[in-house]
Amino acid sequence: MRIATVDQLLDALDTLFADGSDWTRREQVDPWIRIFSQEHHPLNTDLPDANLVSWFRQGLLPPGEARMALDLGCGLGRNTRWFARQGYQATGIDLSAYAIDQAKTRANEGGVTFLEGDVLRERISGGPFDVVYDSGCFHHLPPHRRISYLRTLETVLKPGGLFGICTFAWGQMGSEDDDLTLLRQGHLEGGIAYTMDDLRQVFSTLEFIEGGALQVKEEQTGEVFQMPFLHAALFRRGQAEE
Ligand SMILES: C[S@@+](CC[C@H](N)C(=O)[O-])C[C@H]1O[C@@H](n2cnc3c(N)ncnc32)[C@H](O)[C@@H]1O
């Protein structure tokens with residue numbers, strides 16, 4: 001077989017990461033069970049990301065009434081459920097069957113749906129969405145799969161919709177190797193570090209609204225999830241198609 005399509009190229013590049021360090025595709029063993037089954041793991045929480053709360057308070061995220069939100073790589077669903085509590089019809093999707101099972105058992109709110117699925121390789125039902133959010137999924141992608149991610153975003157985000165993302169911050173956590181090095185070595189060191197400029201470049205078809213460390217700006221701590229090694233950015237898709 002000779003490569004003749006982008007999907008064939010992406011599938012071929014996936015095989016470079018044969019050492020199990022790519023946690024963004026289905027393997028025989030789900031690497032996320034190890035993380036989510038730890039009672040005291042920081043991600044095993046009900047707290048929403050600090051930036052979500054801050055954006056909402058600042059009016060950058062609209063109230064949820066009659067709007068739909070999608071949480072890509074939702075894990076145990078803490079941010080999905082926060083969207084539901086703000087009145088959104090909220091959908092969380094995740095590759096890990098374990099995470100989705102756990103998320104479903106924790107969902108006491110109305111207006112929340114959890115789906116098992118691969119956001120890079122499968123069509124996501126129920127959209128397009130007014131708000132698409134990703135906390136901690138994108139930074140685990142091998143470099144070439146950003147292409148798949150952007151294609152997904154294109155189909156799930158409404159024109160005029162908002163896209164929020166939280167990733168490892170450059171200099172704090174994640175690999176700082178360039179993309180070619182990562183592809184050549186066929187190994188991901190638990191995630192990739194991004195500068196704010198990297199995020200603006202990758203999502204350059206969207207309008208940048210704001211970005212910064214994962215923290216609330218007002219006097220408020222203890223009720224939100226914040227880590228010094230994470231940062232977040234908010235973008236808006238233009239109304240008119242290019
Ligand atoms: C670091 S965890 C973050 C979980 C959650 N967003 C949170 O912040 O609590 C990354 C999540 O991305 C999910 N993920 C990775 N690749 C994915 C893919 N291709 N499709 C859907 N989910 C994926 C993993 O299963 C995992 O739950």
Side-chain angles (χ1 to χ4, degrees), residues 7 10-11 13-14 17 20-27 29-53 69-84 90-104 106-107 112-127 131-153 155-156 163-169 172-175 188-194 214 224-227 229-232:
D7 282 324
L10 297 177
D11 288 345
L13 292 172
D14 279 346
F17 298 89
S21 64
D22 176 1
W23 300 344
T24 66
R25 64 178 198 240
R26 288 197 174 88
E27 299 288 352
V29 179
D30 176 351
W32 297 101
I33 294 178
R34 185 169 42 82
I35 290 169
F36 292 132
S37 60
Q38 292 172 40
E39 192 187 343
H40 298 294
H41 192 283
L43 291 178
N44 197 345
T45 172
D46 279 332
L47 299 178
D49 283 348
N51 50 292
L52 281 179
V53 175
L70 174 67
D71 186 6
L72 295 170
C74 63
L76 302 178
R78 59 192 181 85
N79 290 316
T80 320
R81 294 201 307 281
W82 179 84
F83 276 112
T91 300
I93 183 165
D94 202 282
L95 190 64
S96 166
Y98 176 85
I100 290 298
D101 278 352
Q102 292 290 313
K104 283 179 179 169
R106 293 176 185 208
V112 70
T113 305
F114 287 108
L115 305 171
E116 184 189 334
D118 182 340
V119 305
L120 304 173
R121 298 168 185 82
E122 295 163 12
R123 207 184 71 79
I124 299 174
S125 59
V131 177
V132 176
Y133 187 63
D134 172 347
S135 183
C137 179
F138 174 82
H139 61 207
H140 289 292
L141 268 50
H144 59 287
R145 281 294 170 186
R146 287 184 210 118
I147 294 169
S148 312
Y149 189 95
L150 287 166
R151 284 201 304 210
T152 295
L153 197 55
T155 60
V156 295
F163 170 61
I165 185 165
C166 168
T167 73
F168 290 148
Q172 301 288 326
M173 190 176 278
S175 170
L188 292 167
E189 290 146 29
I192 297 177
Y194 287 93
L214 199 67
V224 291
F225 179 88
Q226 45 193 337
M227 292 283 166
F229 54 81
L230 295 172
H231 62 172

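Computation of the quantities below employed the complete heavy-atom set of this structure, encompassing side-chain atoms and omitting hydrogens, waters and symmetry-equivalent molecules. Both counts, for ligands and for their atoms, begin at 1 and track the order of listing.
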- Query: Do the rings of Phe138 and Tyr194 sit parallel, tilted or perpendicular, given the 30° and 60° boundaries?
  - Reply: tilted

- Any chance the rings of Tyr98 and Phe36 have centres within less than 6.0 Å? no

- Would you say the side-chain atoms of Asp94 pair up with the backbone N or O of Ser96, donor to acceptor, closer than 3.5 Å? yes

- Message: Does the plane of the ring in His144 sit parallel, tilted or perpendicular to the ring in Phe17? Use 30° and 60° as the thresholds.
- Response: parallel

- Mind jotting down which protein residues get a heavy-atom contact under 4.0 Å with ligand 1? Chain and number order, please. Trp23, Thr24, Trp32, Phe36, Leu43, Gly73, Cys74, Gly75, Arg78, Asp94, Leu95, Ser96, Gly117, Asp118, Val119, Leu120, Ser135, Gly136, Cys137, His140

- Asp71 side chain vs Gly77 backbone, donor-acceptor pair below 3.5 Å: no

- Message: Give me each pair satisfying salt bridge (Lys or Arg N to Asp or Glu O under 4.0 Å) with a member in residues 133-145, each pair once, sequence neighbours excluded.
- Response: Asp11-Arg145, Asp14-Arg145

